[in-house]
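Encoded as structure tokens, the structure appears first; notes follow it.
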Amino acid sequence: MSEPVSAPVSAPVSALGGASFQGFATIREIGPLGMITLRAKGVKALGKAVKAVTGTKLPAPRRIEVNGDRACGWMSPDEYLLIVPYAEVSAALASLAKSLAGEHHLAADVSDARAIFRVEGDKAADVLRKLSPVDFATLEPGELRRTRAAQVAAAMWAEGGGFTLVCFRSVAAYVMGLLTHSAQPGSEL
Amino acid sequence: MLILTCPCCGVMADETELSPGYEAHLKRFGPGSTPEEFEAYMFARKNPKGVHFERWRHTYGCGKWFLAARCTATLEVFGTYPAQVSEPPADIIARIQARRPDWKADWQPDGKAPK
Ligand SMILES: [Zn+2]
């Protein structure tokens, strides 16, 4: 017998329940964060629409504009990643729908489709160097780099004494394994 | 290792960040074409030792398609350019001709680069 569904909506949980590892750098799974994929190109109201949600300007190509716990990242010539507190996604989507009414765009809540990691410490870049074909020596502050972490897609940027890495939730455990292995004490580059 | 600069996002992308899309500038032959034209469009591909034009996709980066001119024998890259063109742009052609004086643009009747 099936019961009518009337239970309260359960609290959001991150992919790995906040797993962490202490190696030569600190690995922390964080979140959940509110994340919105916004696809639009050549839309006049775009800058204002994003500012109303994140409080940032529209990022230049391959940049991320951070404003406290909100941010807007440039993902491709027609795609932005908006980060907001998890509980504010619905309000943010409503705001975008209003600002961009009548304009060709797509805004989707992808919060639960993502996993987010922090890699912190003096040698945090060494952890990522082993996993991605990125020249971290030339990665600029505020630069958002989409690349791969071993076999899966990832986006990363330097922030607050380390790096923030975003990947698909379905590969969260794989990425945690990568980061953990890469941060093994004694394996510094 | 092949490194191509994606013209859509500017990243110098390692080959492992890209997916190959094979020969560029194919002209489509569909309904109304002869069987020979359709067969050539469908199956016949260039396989040069030397200058070649290819489609690539920045799969792990911005996700966009772009085109590249390179030498299949040496892996020298002459340049990359947006995919929304039916022929290589003049600056790419000029760079190829500077490096490979004997090379001829095979899509031109006289083998000369487009003006
Ligand atoms: Zn790209």
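Because only heavy atoms are used, hydrogens play no part in the values below, and waters and symmetry mates are left out as well, while side chains stay in. Letters go in sequence order (proteins before strands), and every chain restarts at 1.
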#### Entry: Cluster overlap B:Val51 with B:Val85, hydrophobic side-chain contacts below 4.5 Å
yes
### Query
Would you say B:Arg99 has more than 12 foreign heavy atoms packed within less than 6.0 Å of its CZ?
no
### Task
Looking only at non-hydrogen atoms, find the nearest pair between A:Arg146 and B:Glu17 and report the distance.
O-OE1, 4.0 Å
### Query
Does CZ belonging to A:Phe168 count more than 12 external heavy atoms closer than 6.0 Å?
no
#### Entry: Enclosure of A:Asp122 CG (heavy-atom neighbours >12, cutoff 6.0 Å)
no
### Task
Work out which heavy atom in A:Gln151 is nearest to a heavy atom in B:Tyr60; give both atom names and the distance.
O-OH, 3.3 Å
### Message
Take a 6.0 Å sphere around NE2 of B:His25 and say whether it holds more than 12 heavy atoms from other residues, nucleotides or ligands.
### Response
yes
#### Entry: Option that, when pairs with chain A are counted at under 4.5 Å, heavy atom only, ranks first among B:Thr16, B:Thr59, B:Asp14
B:Thr16
### Query
Is B:Lys64 salt-bridged to A:Glu79, going by a charged N under 4.0 Å from an acidic O?
no
### Message
Using modelled atom types and a 3.5 Å cut-off, is there a donor and acceptor pairing between side-chain atoms of A:Arg62 and backbone atoms of B:Cys9?
### Response
yes
## Note on the structure
Rounding to 0.5 Å, atoms NE2 (B:His58) and OG1 (A:Thr147) come to a distance of 7.0 Å
### Message
Heavy-atom count check: over 12 atoms from other residues, nucleotides or ligands less than 6.0 Å from A:Lys130 NZ?
### Response
yes
### Query
For the residue pair A:Pro77 and B:Cys8, what are the closest heavy atoms and their distance?
CG-O, 3.6 Å
